[in-house]
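Quick notes on the structure that follows.
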Amino acid sequence: MSDSVLHHVAPDRYRRPLRQRVASVIEPWLYCAPVLVIIVAVMFVPLVLGVSYAFRDIQLLNPFSGGFVGLDHFRALGQDDAFFRALRNTLWWTGASVFLQLGFGLILALLLNVPFAGRGLAQALVFLPWAVPTFLAGLNWAWLFNPVIGPLPHWMTALGLMDEPSNILADPSIAMWGPIIAAVWWGIPFFAITLLAALQSIPKDLYEAASIDGASPWQQFRSITLPFLAPVIAITVLLRTVWVANFADLIIVMTNGGPADRTQTVASYIFTQAFKRLDFGYASAVALVLLALLLAYSMVILVLRQRLSDRDK
Amino acid sequence: MATMEIRSARKTYGTLCVLEDINLSIGDGEFIVLVGPSGCGKSTLLRMIAGLEEISAGEIRIEDRVVNDLPPKARDIAMVFQSYALYPHMNVADNMSYSLRLRKADKPTIADKVRDASAKLGLGALLERKPKALSGGQRQRVAMGRAIVRQPKAFLFDEPLSNLDARLREQMRAEIRKLHRALGATSIYVTHDQVEAMTLADRIVAMHGGHIQQVGTPLELYDRPANLFVAGFIGSPGMNFVEGAVELGTFVMRDGTRLPLPEGMPETLGGATLGIRPEHVTLGEGLAAEVELVEPTGHGIILHLRLAGAVFRVLTTDRRWLTPGDQVQVGLPAGALHLFDESEQRVAPAPHPQQ
Amino acid sequence: MLKTIAHRVAILCFIAFSLFPLFWLLKVSVTPNDLLYSEGVRLWPSRVTLDHFSFVLANSEFPRFFGNSLIVSGTTAVCTTILAALMGYALSRFRFRGKLWLAGLLLVTQMFPLVMLVAPIFKILAPLGLTNSLAGLIVVYTAFNVPFASFLMQGFFDGIPPDLEEAAMIDGADRFTAFRQIILPLGLPGIAATLGFVFTAAWSEMIFALMLISGNDKATFPVGLLSFVSKFSVDYGQMMAAGVLALIPACLFFLMIQRYLVQGMTAGAVKG
């Protein structure tokens, strides 16, 4: 362009009338407002209240409770062996559940990503456990593990996994496997659905190009499938970990924390403190610690994921 | 129909400026084509006119009314999208009548207008079909039909033919031209295809890097490109360029080859570029060159030559038997030469093309 | 060939693993009481009976629990989907300051320990008369399900080309009209998937139902079912029969929507 244009003084930024500018700023918030209102009212306000309980003495059956106790609950927590045991159990319960759900979910998604006759039906059937109410899943699995009325102990004995048919939910050393198996059964579909969706969004020509380049199926899986799935896996594992760690239903229904507290997780411990012993102050303190741990964990995952995707760029 | 006026329009995203100081007047019923490589800002400009993008600075007027603050629905323009953007859940008739229904037109009027438009476009038999049951060309027609039922002030086209195959594109191009003649509607058409631009436009607006490079009739841009960008972009195969300098009225190439310039060119110019279209180069007497590649086009051949160290293309209808490695002589008629200075701007009088 | 067989066998294993517990539920529900323990580990009882079903339907309060659950889950699904559609649309289509912050906020809600919120929620709802009421449950379930449902809807909307609503806006629609007349009809599979997802989630919920509801007349299915367990003599046959009945609507709903779930997520819901 000619010099005069290159040095052209830009005209003043065009300002729309105030009313319009306000309207365009507000517009997206109008769509978000109903959701914001309800989650603030039903989740954030109670959260703040719940956090305040952690510093107060709240016992439902004690009319003299309600006073401010500062960090007393947290001091008690520091010496509560049951809590630390529950924390260890939570790690074990969450880690094993999520890992197995992810593993089997990934295998299932890969199996379903291959076209075959009856795929629609197979997909509907294997996803069905997700629709089963968790308490029902818990009851049902507790039933299956019962040697009197359930077949599993007998099968395990026949396979040599067990000396005689007994209830694994009653054996402190392996009781945790009961809820874990139930959780895996219930949770595989979630991973399978999200991973299958991700698999189907991988462009097919990538695989064609790779196979023309001579990549074996395993190499294709490692160099195409996994990198594509990684962000999805990260976000799904994150969400799932948080849900499973907070999830007490199965344990309460199947073992109620027993035997000998061997299946007591932090979530079920909070439940016991709050609703069996009606000590809401202490329960809130425990919950706050759990929330802090989960937030920290999420930050780590998100940062890792960011690093990963930055590295790809 | 309407006139349009764009004054000092600018578009920025944060600190990134994608359109700078756009000025353009469009006459009533004119067919304007915005052409340029991808990323030149042509689609953004079109979307600003449509009201789909905000205008960061300057103003846009339609019929003397500043439309900067108007939402798309209030601008009374129609647009044909590259993807056609047909509503998949509506049949052809509903697609075409959607705008009329939004304006609460009465049923007989809607039926009339849809019938008119579908007759113009040969869509009469397809009115009940859903878009997914149509071929690419038919979808394209429906998209146009949707635009013309409204009789808007202006039509905007955003690369409407780029999803069609070559044969269909040619056919639709002609139809768009005919339709424009019949309706006389002010139209703005965005494309990256310079052939489309040449064949459709009353005036072409060549854009590059967020700036308008040149505005003019197709032949003006072809005959007298304002700068190197336009010279290279318009015409196919593209113009040949040779770098060098002008000394004493002759052009001196890098390797010392000298070429006389026509009257009226500057006597001296350091760092100049000489351009000539492949179809203006003559085979026969002149500079020695070596054939590197022969591309038959059916109609003629495109020769890729090595001349004075540069690749040089020649378009000829002469079906002479040439093979790579052959030596030829080429003439560069003085009247067909374009000269550009160091800042890539055209210099000196417009040479008239060879007839 | 070998690969194909291995693939089919693997699929069959997954199907068996998925269905066996459900099969067992059905088996117990049709086993007569006198065979319950003696034939406890047989795959199918020597005699079957529908007595448990008829008893549950005729003599227990299950029909009422069933009705309550249906009302709560259905209303929750509809409310959540409407709110999530609006939110998901905003996340999908607008660029605005605070959007990332908003998405983070939704994500954070997924971490709240449920049991920590129960008591405060009870305290807030009580003066409003929303405890021991189905409306209260609906409000709470909607709030808890809406964040994930919003992400889900965002994914579905991401899969709809923005050209379509731009075309509608040029045709003379304002944004909200374009949303209602163009985007929502095209998002129907996504809406169906979200409805089903929320319905099954609300149908399963136990902790809030236990805490916020005290009387049998407002109890939902899980609460009613658990009341069987806490009785002195547990009638497993009846309980399982009730369980089978509880499964029917959730499974039906889920079977209808599961393929839309995969479709919708393909469009981007899970890409974060």
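None of these values were measured; they are calculated from a predicted model. Numbered from 1 within each chain, the chains take letters A, B, ... in sequence-line order.
- Using a 4.5 Å cut-off between heavy atoms, C:I124 contacts chain A through its side chain alone, with no backbone atom that close.
- Of the two parts of C:F96, only the side chain, counted from C-beta on, holds a non-hydrogen atom closer than 4.5 Å to a non-hydrogen atom of chain A.
- Listed by first then second residue, pairs satisfying salt bridge (charged side-chain N to carboxylate O under 4.0 Å, His left out) with a partner in residues 22-34 of chain A read A:E27-C:R175, not counting sequence neighbours.
- Only the side chain of C:L107 comes within contact range of chain A, with at least one heavy atom under 4.5 Å from a heavy atom of that chain.
- Most heavy-atom pairs under 4.5 Å with chain A, from the set C:R8, C:M111, C:E205, C:R95: that is C:M111.
- Expressed to the nearest 0.5 Å, how far CZ of A:F247 lies from OG1 of A:T265 amounts to 10.5 Å.
- Heavy-atom distances place both the backbone and the side chain of C:F112 under 4.5 Å from chain A.
- Comparing C:P113, C:A84, C:G98 by heavy-atom pairs within less than 4.5 Å of chain A, the highest count is held by C:P113.
- Neither the backbone nor the side chain of C:K99 comes within less than 4.5 Å of any heavy atom in chain A.
- Ranked by heavy-atom pairs under 4.5 Å with chain C, the first of A:I270, A:L108, A:V148 is A:L108.
- Highest contact tally toward chain A, considering only C:V140, C:L22, C:T142, is held by C:L22 [criterion: heavy-atom pairs under 4.5 Å].
- The part of C:V146 that comes within reach of chain A is its side chain, from C-beta onward, which places non-hydrogen atoms under 4.5 angstrom from that chain.
- For a residue to count as touching a neighbouring chain, one of its non-hydrogen atoms must lie under 4.5 Å from one of that chain's; by this rule A:I188 touches chain C with the side chain only.
- Classification of the C:F148-A:F190 ring pair by plane angle, with boundaries at 30° and 60°, yields tilted.
- Put simply, the side chain of C:W24 reaches to within 4.5 Å of the side chain of A:P151, judged on heavy atoms.
- Neither the backbone nor the side chain of C:F122 comes within less than 4.5 Å of any heavy atom of chain A.
- When heavy atoms are compared at a cutoff of 4.5 Å, A:L30 does not approach chain C at all.
- For chain A, the option among C:A119, C:A90, C:P222 with the highest count of heavy-atom pairs below 4.5 Å is C:P222.
- The distance from the CZ atom of A:F271 to the CD1 atom of C:I207 is 5.0 Å, given to the nearest 0.5 Å.
- Only the side chain of A:W143 comes within contact range of chain C, with at least one heavy atom under 4.5 Å from a heavy atom of that chain.
- For A:V253, the part lying near chain C is the side chain, with the backbone staying farther off; criterion is any non-hydrogen pair under 4.5 Å.
- Within the 4.5 angstrom heavy-atom criterion, only side-chain atoms of C:F20, from C-beta onward, approach chain A.
- Scanning all heavy atoms of the two residues, the minimum distance from C:F157 to C:G88 falls at CD1-C, 3.7 Å.
- Within the 4.5 Å cutoff, the side chain of C:M87 has heavy atoms near those of the C:L106 side chain.
- For C:I82, no part lies near chain A; criterion is any non-hydrogen pair under 4.5 Å.
- Proximity of C:V198 to C:Y141: side-chain heavy atoms (C-beta onward) are nowhere separated by under 4.5 Å.
- When all heavy atoms are compared, the tightest approach of A:N146 to A:N167 is CA-ND2, 3.9 Å.
- Of the listed residues C:R93, C:R97, C:Q110, the one with more heavy-atom pairs under 4.5 angstrom with chain A than any other is C:Q110.
- For A:L239, the part sitting under 4.5 Å from any heavy atom of chain C is the side chain, from C-beta outward, and nothing else.
- You'll find the ring centres of C:F66 and C:W203 inside the 6.0 Å limit.
- Interface check for chain C: of the options A:N140, A:L199, A:L136, A:L294, the most heavy-atom pairs under 4.5 Å are formed by A:N140.
- Proximity to chain A (any heavy atom under 4.5 Å) is restricted, for C:T200, to the side chain, taken from C-beta onward.
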